[in-house]
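The structure appears right after this line, and notes come after that.
Here the structure is a predicted model, which means the values were calculated and not measured. First the proteins, then the strands, lettered A, B, ... as listed; each starts at 1.
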Amino acid sequence: MSTILIVEDEQHQRELYAMELQDEGYTVEQAANGKEAVEMVKKTKYDLVVLDIRMPEMDGIETLGKILSRDKKIPIIIYTAYSNYKSNFMTWTADAYITKSSDMKELKDKIREILAARSK
Amino acid sequence: MKLAHYYSKSYTILLLDVCAAMFLIAIITLPAGMLPPGWIRAGIVLTGLYFIARAAVLFFAKREFGASITGLQTIISNFKKGRYSVEVNGDIKNDELGVIYRDLITTGNHINDIMSSQKTEINNLRELYNNIVLSISSYFLVTNDREEVIFANESFCKKFQFDIEEIIGKKIEDLFFFVTGRIKDSLRQIIETREAIVLEKTHILSKNRISVIGDVKLSSIEIKGENQILIVIDDITSKCRKDYQISLISQISETIQRDEEIDTILYTILTGVTSGSGLGFNRAALYLFSDPDQSLAGTMAVGPDTIEEAIEIWNSIQANEYRIAAPRERRDGPAAKGKRFLEKTLSARFDLDAENVFTRALKNMENIHIYDASRDERIDDVVRELMDVNEFVIIPLVAINRPIGIIVADNKFNQVPISNDSIELLSIFAFQAAISIEGYNNIVKLKREMQKIKERQEAMIESEKLAAVGRIAAHIAHEIRNPLVTMGGYAKRIVQQAQKAPKGETIARAAEVIIKESDRLEKTLSNVMDFTKPSTFIMKFNSVNEVIEDTCSLLHNSFQEKKIGVRLSLLPALPLVKSDFNQLKQVMLNLLQNAIDETPPAGAIEIASAVEAKRIAVYVRNEGSMILEESLSQIFDPFFTTKVTGVGLGLAIVKKIIADHGGEISVRNLPERGVEFKILLPLPGQ
């Protein structure tokens, strides 16, 4: 079963995502900020990272760079409330950019799609 | 009978005496029978002897004194006639009468000498006096009580071009137009009261149109029982003209500086050159060059149509009054006076191609002085008919080497020759007018440009606003989306779980989250709303110390929660500041909340108040981490935040309130650790 790392500073959201993805059958680990996420990526090999942009300590864009410099192949989905960050060229290095929505269907579909492509 | 009497008629009496004696003797020689009685005879003889004796005395006396007495009589009768010079015929005897005779002759001659020397002197004086009176530069005029001229000096005749023979006996009112009623009234007054009158700066206009500004002295003199009025006129025209010109120049510059409408300025200039009774021009007209149709068009004209109108106008202004009448009359419709001149000017238009004296003055930028329009070949019939005057002057209006029009002026009514002085003055006005017109045109252009810039600026502000709205919208979208996502997600879970198997605890937890998030959403929104809505202030005198204390007690629980110590060092008797208490409390609240967030647990917050450089200073210091140098300048910008959950409006609101109070706020990192905010508020009256 795939292991997914959720990087999100807002606890309630993070927990929500975890529950939702667990319901989908994934193993989910959580990081409350970029720094934590980078540390965790160093220790564990995740199949996919869901990354928020606006976070204290280290924001999503910086975290993205740090994770990618460690593991170029790890799929990363940017999942943010900002709808206008898509044009930032750093986000292009991510595999997907999805605007947050209470209906998490788009995120779930994307995760499924990426993991399916990986497992081939 | 006195001897002197005989003497005076000596020869007659002598003759009579002899006749009487002879008659008496004849009686004695009558025949005896006819003789009167003896005593009468004796009487006749005695009487005859008396007459003979008297005749003899006379005869001898005559022979002895006759010449001397006759001489004396002649001298006395000459004296009586005022002839004191005596010529002696023959010898004078050395008797007593001769001595008197000689003395008399000497005295007579002496008197004669004195008389003749005095006469010479008197003649000299008279000549001098005549010379003075006749040639003095003041104009002398003497009239009798019937105001008929009985004397005028040379200067008077010369100035007013009268022939002395011609004006003697004429009435004063036949010599002058009474431009102002003052002279007429004064003449009447002096005939009644006999008291001298001085009329300063009076405009005098003779019937043959000689115009003079003078100080007029009227005095009454009595000669041979008849009252005469002496009128002395001191000509001060040129002095007044200088005053007038200076006053006019200053008035016109004043008008120009007042930034009046161009029409008002031009009208003022034309009125100016035609005002001042007897000083300015009689008429003036302005023609402006029109670029699009390449023509010179009559634009404005000022001046009377007839001599009667001219006198009426001059009568309404004192010669020493140089104030230009406000051109109100023109605004209320065409002026009653000079209507014809104005209409004629306004309808006049000259194509620049057509060669005439006006277009020539414009094109060559030269002054043209026409002395005799009827004979001058530069004048065509159109201009001759338009001006209807022999002498006039054309001055071009030149703005930065570019002709923009002309001014035409004349003295149609008082026919004063146009002096170089007047032309120079007119040139100055033409220059002023040109500058004004040019300035006005530039202002119009400038205003048009300014309008464009303003419109562009407004567009920019508008787009800036839109951009700001965009930024705010993006921010709000983010801030609202996060809680919404959370709420929506949990709400869905509630639904899902409720569908499977109801678990009271989970549902409660989920509901709690939803409530919390919705609270947060409300707070975000209200913060944004607070910042954008215009604040109405209730300005009263408030104590800043009280604001601080109030806020601290409000935040008491928050301090305790984090075990933060608050150190207050407030200046006692701090002056009150005019402010909105609640707004200042908002400021303190925001600053202290910030401080609480930044201060580590069990840390300290310091609040101080003071008076510095006539302003109230409030310091809020915390022990939190330093602010990055590059962030210091942005810390008060809206939506700038370093906090995870902040909207970034707290300090922006603080800055706005302080600015609304005319104060300043600044921030700096403290040397060791922590951050200091400093507020400066103005004291009333500073």
Would you say B/Lys585 has more than 12 foreign heavy atoms packed within less than 6.0 Å of its NZ?
-> yes
Can you tell me if CZ on A/Arg118 sees more than 12 non-hydrogen neighbours from other groups inside 6.0 Å?
-> yes
Just wondering, are more than 12 heavy atoms of other shown residues or ligands nearer than 6.0 Å to CD in B/Glu455?
-> yes
Other residues, nucleotides, ligands: >12 heavy atoms within 6.0 Å of B/Glu561 CD = no
So, for A/His12 and B/Tyr490, which heavy atoms are closest and what is the spacing to 0.1 Å?
-> O-OH, 2.6 Å
Given a strict heavy-atom distance threshold of 4.5 Å, which part of A/Glu15 is in contact with chain B: side chain, backbone, both, or neither?
-> both
Any donor-acceptor N/O pair, A/Gln13 side chain to B/Val485 backbone, under 3.5 Å | no
Would you give the length of the straight line joining atom CG of B/Asn482 to atom CD of A/Glu10, rounded to the nearest 0.5 angstrom?
-> 4.5 Å
